[in-house]
Amino acid sequence: MKEIDWANIGFGYIPTDYNVRCVWRDGKWGEIEVSSETTINLSIAATCLHYGQEAFEGLKAYRCPDGKVRVFRMEENAARLQATSRGIVMPEVPTELFTEMVKRVVRLNEHFIPPYESGATLYLRPLLIGTTAQVGVHPAKDYLFIIFVTPVGPYFKGGFSTTPYVVTRDYDRSAPLGTGCYKVGGNYAASLRANTWAHEQGYSCEFYLDAKEKKYIDECGAANFFGIKDNTYVTPLSTSILPSVTNKSLMQLAADLGLKVERRQIPIEELETFEEAGACGTAAVISPIERIDDPETGKSYVFAPDGKPGPISTRLYQKLINIQYGIEPDVHNWTTVVIE
Ligand code: PLP
Ligand code: COI
């Protein structure tokens, strides 16, 4: 294996030794297979290629200072993948199968789990695709479920440091009754133009409003939004955003820290009133927001005039990563030790 400069890897793709696979055929899941191939053999008429019958997940394994390897809330990712399967008419991967495959793939790729000190982690990417060859628009009969892994560094440059975001009004990533609440590739295809536009202008990410009225905050690229004011953690309630496992965890941690927690519609003008704001997700962890610019109104909502993450975001971040790394007691039973 080539030496990896763990402390300097980005959020990219480094192939690893093994992935695990399971096939749905004749109405049932088969045995778990271990593969060292990084490619798949797929019909050119597979439904995933033409009609977007594809779903994915994202979770991480952490090499902890006590030498153990932990995975964070994998049952939540299993449940969300099941919801996505119902959303685009695919068979559900049972939680036991999902968690067994997570454990297997982490153990098989132990060499690729970055050291604690590097700040990098092992990202797990579960992928479920329809493989039946057909050209009619119907759900496939056959499916392939894969989990592969890749070591990753921070999603946004600098990790836990503030960066600027920009409101996009010209592009929507999802519709109120569409697939925004599911983790399907089509949502990400729909986000590429806005994301490219935001990057071209020097922003770290695009910021979405609700597609119907363009009045309320939805989410930030591939992460949920939260704002802090008056000792309250506020996060959007919307049918077109992904229910984030990280956000769900932060709502609990905020409550544990004595904050009020509100999940509700957030009108864009309310941004003015937040003392701190952040993007949160598995890849983003907490990415504190420096400011959000709205080119249409010319407004700039600034949360970090000194460029530094706010005190509550910092406490939430510390608390979250301390649990993920087994440093603080895991009182909510969120982590699973995969390697002792
Ligand atoms: N929103 C979108 C669109 C995402 O892709 C992600 C990443 O998974 C999130 C939010 C954050 O979700 P989670 O915290 O479960 O990773
Ligand atoms: C994640 O946070 O796991 C994501 O899926 C974000 C992105 C890489 C799509």
Side-chain angles (χ1 to χ4, degrees), residues 9-14 54-62 71-84 87 98 102 120-128 147-157 159 165 168 171-176 178-192 194-196 198-199 204-211 217-226 233 235-254 263 278-287 289 316-317 320-321 323-324 334-335:
I9 55 175
F11 196 91
Y13 172 63
I14 298 170
E54 88 86 26
F56 69 100
E57 270 302 327
L59 63 163
K60 284 174 172 172
Y62 306 81
V71 174
F72 190 67
R73 304 197 79 173
M74 59 179 170
E75 297 82 3
E76 291 287 334
N77 293 93
R80 189 170 63 191
L81 182 61
Q82 289 155 10
T84 298
F98 185 96
V102 164
T121 52
L122 189 73
Y123 185 72
L124 281 70
R125 175 48 64 86
L127 175 72
L128 175 60
I147 306 183
F148 70 81
V149 298
T150 185
V152 293
Y155 190 59
F156 295 122
K157 253 208 212 114
Y165 292 62
T168 165
Y171 310 109
D172 296 319
R173 69 177 278 285
S174 64
T179 55
C181 58
Y182 306 126
K183 207 158 166 63
V184 298
N187 299 338
Y188 298 81
S191 76
L192 292 175
N195 189 256
T196 304
H199 284 159
S204 74
C205 193
E206 76 282 14
F207 195 90
Y208 294 100
L209 303 180
D210 77 285
I217 291 164
D218 249 2
E219 55 184 332
C220 344
N224 276 184
F225 170 84
F226 69 85
Y233 180 100
T235 194
L237 182 66
S238 163
T239 55
S240 48
I241 64 176
L242 193 76
S244 154
V245 178
T246 313
N247 196 8
K248 187 173 178 181
S249 309
L250 291 173
M251 285 188 253
Q252 178 65 56
L253 295 178
R263 199 162 161 238
C280 64
T282 299
V285 197
I286 287 182
S287 296
I289 302 178
L316 286 169
Y317 174 79
L320 177 68
I321 64 165
I323 293 171
Q324 290 169 333
W334 285 341
T335 60

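When a ligand or atom number is given, it counts from 1 through the structure's own listing order. All values reported here derive from a predicted model rather than from experimental measurement. Numbering of residues begins at 1 and proceeds along the displayed sequence.
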Going by the atom numbers of ligand 2, which of them fall below 4.0 Å from some non-hydrogen atom of Tyr188? 9 (C)

Between Arg173 and Glu206, does at least one N-O distance fall below 4.0 Å, as a salt bridge requires? no

Who gets closest to atom 7 (C) of ligand 2 by heavy atom: Ala284, Ser244, Ala222? Ala222

What do you reckon, does Ala283 have a nitrogen or oxygen under 3.5 Å from a nitrogen or oxygen of ligand 2? yes

Under a 3.5 Å threshold, yes or no: a donor from one side chain and an acceptor from the other, between Asn187 and Ser174? no

Answer with yes or no whether Lys60 contacts ligand 2, where contact means a heavy atom under 4.0 Å from a ligand atom. no

Region of Glu57 that comes within reach of ligand 2 [heavy atoms, distance under 4.0 Å]: neither

With atoms numbered from 1 as shown, which atoms in ligand 2 lie under 4.0 angstrom from a non-hydrogen atom of Phe11? 8 (C)

With a cut-off of 4.0 Å, which atoms of ligand 2 are near a heavy atom of Lys183? 4 (C), 5 (O)

Return the OH to OH distance between Tyr208 and Tyr171, rounded to the nearest 0.5 Å. 10.0 Å

Validation row, ring centre Phe207 to ring centre Phe225 under 6.0 Å: yes

Any carboxylate oxygen within less than 4.0 angstrom of a Lys/Arg side-chain nitrogen, looking at Glu57 and Arg125? no

In terms of ring plane angle, is the pair Phe226 and Tyr233 parallel, tilted or perpendicular, where the classes change at 30° and 60°? parallel

Test Ile147 against Leu127 for side-chain contact (heavy atoms from CB on, under 4.5 Å), laying out the working first. CA-CA 6 Å; Ile147 306 183; Leu127 175 72; over 6 Å; no

Run the numbers on Tyr123 and Tyr13 for side-chain contact (heavy atoms from CB on, under 4.5 Å), then give the verdict. CA-CA 10 Å; Tyr123 185 72; Tyr13 172 63; over 6 Å; no

Note: ligand 2 atoms sitting under 4.0 Å from heavy atoms of Tyr123 are 1 (C), 3 (O), 4 (C), 5 (O)

Between the side chain of Asn77 and the main-chain N/O of Gly58, is any donor-acceptor distance below 3.5 Å? yes

With a 4.0 angstrom cut-off on heavy atoms, strictly below it, pick out the residues next to ligand 1 and order them by chain and number. Arg80, Arg173, Lys183, Tyr188, Glu219, Gly221, Ala222, Ala223, Asn224, Leu242, Ser244, Val245, Thr246, Cys280, Gly281, Thr282

Treating Lys183 as the side-chain partner and Thr84 as the backbone partner, does any N or O pair qualify as donor plus acceptor under 3.5 Å? no

